[in-house]
*Asks:* 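The structure under discussion is supplied below as structure tokens; questions concerning it will follow.
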Protein chains: 2
Amino acid sequence: MRNCKDHKTCINEALIKAETICKQKGVKFTKLRKQVLKLIWKSHSYVKAYDLLEELKKIDSSAKPPTVYRSLDFLIDNGFIHKVQSLNAFVACTHPQEHKECYFLICKNCKSIEECCSEKISKVMNSEATRNNFNTNQVTLEISGICQECIN
Amino acid sequence: MRNCKDHKTCINEALIKAETICKQKGVKFTKLRKQVLKLIWKSHSYVKAYDLLEELKKIDSSAKPPTVYRSLDFLIDNGFIHKVQSLNAFVACTHPQEHKECYFLICKNCKSIEECCSEKISKVMNSEATRNNFNTNQVTLEISGICQECIN
DNA sequence: AAATGAATGTTATAATATAACATAATTAAT
DNA sequence: ATTAATTATGTTATATTATAACATTCATTT
Ligand SMILES: [Zn+2]
Ligand SMILES: [Zn+2]
Ligand SMILES: [Zn+2]
Ligand SMILES: [Zn+2]
């Protein structure tokens, strides 16, 4: 996402993929939900709910908080976006349906956010949970710092 | 903390420890800050800021949101408590000054929360960050699920 | 065509957190 | 000791994030 060459194509591919997944799952990818996902994808970074609401109002002036939050809920539930807990923000998922335990690298400098997967981390996390007799349901792993680009 | 035999002693030890650390660091462990830390410790679980405010009001009726949030900030900055990002809540640190990268096991059923450390996790996290040329500053790792006690 | 359920519209408000400025208490400098 | 500077707290107001509750519209099924 960060290094995409043509972000418009990138967005369109994501929307088509979402459409396909929704069809498979038998859930409705309504105009509103599509618009919200598109707005989130438009950002190369994370977005805040109320910023999203402002954007949405430009398209449909009657949009209100529940309009946004319901769509966000749908998109989260179906794996098209993630909530970034430490920022109260939302980010497009770069590989829906393909992963379970991902983590985020959040650059405090350029506000970029990268979604990463790692077998290693998943394994260690599982072994830790097992060691504690804990039945894991959801993992939140958010790493804040300075990204590659901003270090140099 | 969860399995302490005498929570009053447990709280007192934590407060004395905090006092000592503050002296060492040359920061002020004021009456207010101590009260707030005590209130957080009183809970065997996590606490919400506004619940804390209600408790504080019983001691000092003039307490207001900034009263609580400032104390929380101090306690977080000095490592006596942690913020649980996925719950917008706060939890006492069970081993201040002794750790860097901890994680939390949060039981959705009994609302217990356990702070755990793991060399393994720290190592894997460091290697992942290195692999991504990422300069880690802060790690948020919160695992939600069902705890040992609640599974049985 | 009617009934059902899902999605959206709408109003209101809850829950979480901070900005900005005033005052008090502590510490440092004169 | 007195003043100045710094830090902490008090106070008012408001920003930000999120949901409850109920009405209406839309899509799907009968
Ligand atoms: Zn994802
Ligand atoms: Zn960066
Ligand atoms: Zn801790
Ligand atoms: Zn439990």
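Lettering follows sequence order; numbering is per chain, from 1.
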*Asks:* Tell me the interatomic distance from Tyr46(B), atom OH, to dT16(C), atom C1', rounded to whole angstroms.
*Replies:* 15 Å
*Asks:* If you assign each of Phe90(B) and Lys31(A) to its closest nucleotide in DNA chain C, which residue comes earlier from the 5' end?
*Replies:* Lys31(A)
*Asks:* Verify the contact: side-chain N or O of Lys83(B) to OP1 or OP2 of dA17(C), cut-off strictly under 4.0 Å; return yes or no.
*Replies:* yes
*Asks:* Between dT16(D) atom P and Glu54(A) atom CD, what is the distance in whole Å?
*Replies:* 11 Å
*Asks:* Whether Asn88(A) contacts dT16(D) is assessed here as follows: a side-chain N or O lying under 4.0 Å from the phosphate OP1 or OP2. Is that the case?
*Replies:* no
*Asks:* In terms of side-chain heavy atoms of Pro66(A), which of dT11(C), dG10(D), dA8(D) is nearest?
*Replies:* dT11(C)
*Asks:* Choose from dT9(D), dT18(C), dA7(C) the nucleotide whose nearest atom is closest to any side-chain atom of Leu32(B).
*Replies:* dT9(D)
*Asks:* State whether Glu13(A) and Lys8(A) are salt-bridged, where the test is any N-O pair (Lys NZ or Arg NE/NH1/NH2 against Asp/Glu carboxylate O) under 4.0 Å.
*Replies:* no
*Asks:* Write down the atom of Glu128(A), the atom of Ser118(B), and the distance for their closest heavy-atom approach.
*Replies:* OE2-OG, 3.1 Å
*Asks:* Rounded to whole Å, please give me the gap between CD in Gln85(B) and C1' in dA17(C).
*Replies:* 13 Å
*Asks:* How many whole angstroms separate atom CG of Leu53(B) from atom C1' of dA17(C)?
*Replies:* 12 Å
*Asks:* For DNA chain D, whose closest nucleotide is more 5', that of Arg33(B) or that of Ala63(B)?
*Replies:* Arg33(B)
*Asks:* Please pick, from dA17(C), dG9(C), dT7(D), the nucleotide with the shortest atom-to-atom distance to any side-chain atom of Lys28(B).
*Replies:* dT7(D)
*Asks:* Between Glu55(B) and Lys42(B), does any side-chain N to carboxylate O distance fall below 4.0 Å?
*Replies:* no
*Asks:* Do the charged groups of Glu98(A) and Lys17(A) touch, with an N to O distance under 4.0 Å?
*Replies:* yes
*Asks:* Return no unless some side-chain N or O of Arg70(B) is found under 4.0 Å from OP1 or OP2 of dA17(C).
*Replies:* no
*Asks:* On the nucleotide dT16(C), are OP1 or OP2 found under 4.0 Å from the side-chain N or O atoms that Lys48(B) carries?
*Replies:* yes
*Asks:* Between Lys25(B) (NZ) and dT7(D) (P), how many Å, whole number?
*Replies:* 16 Å
*Asks:* Phe74(B) CZ to dA17(C) P: how many Å, rounded?
*Replies:* 20 Å
*Asks:* Specify the separation, in whole Å, of atom OH of Tyr69(A) and atom P of dT16(D).
*Replies:* 12 Å
*Asks:* Is a donor-acceptor contact shorter than 3.5 angstrom present between the side chain of Tyr50(B) and the base of dA17(C)?
*Replies:* yes
*Asks:* Tell me the interatomic distance from Phe29(A), atom CZ, to dC26(D), atom P, rounded to whole angstroms.
*Replies:* 20 Å
*Asks:* Check whether Lys25(B) reaches the backbone of Lys23(B) with its side chain - one donor and one acceptor, N or O, closer than 3.5 Å.
*Replies:* no
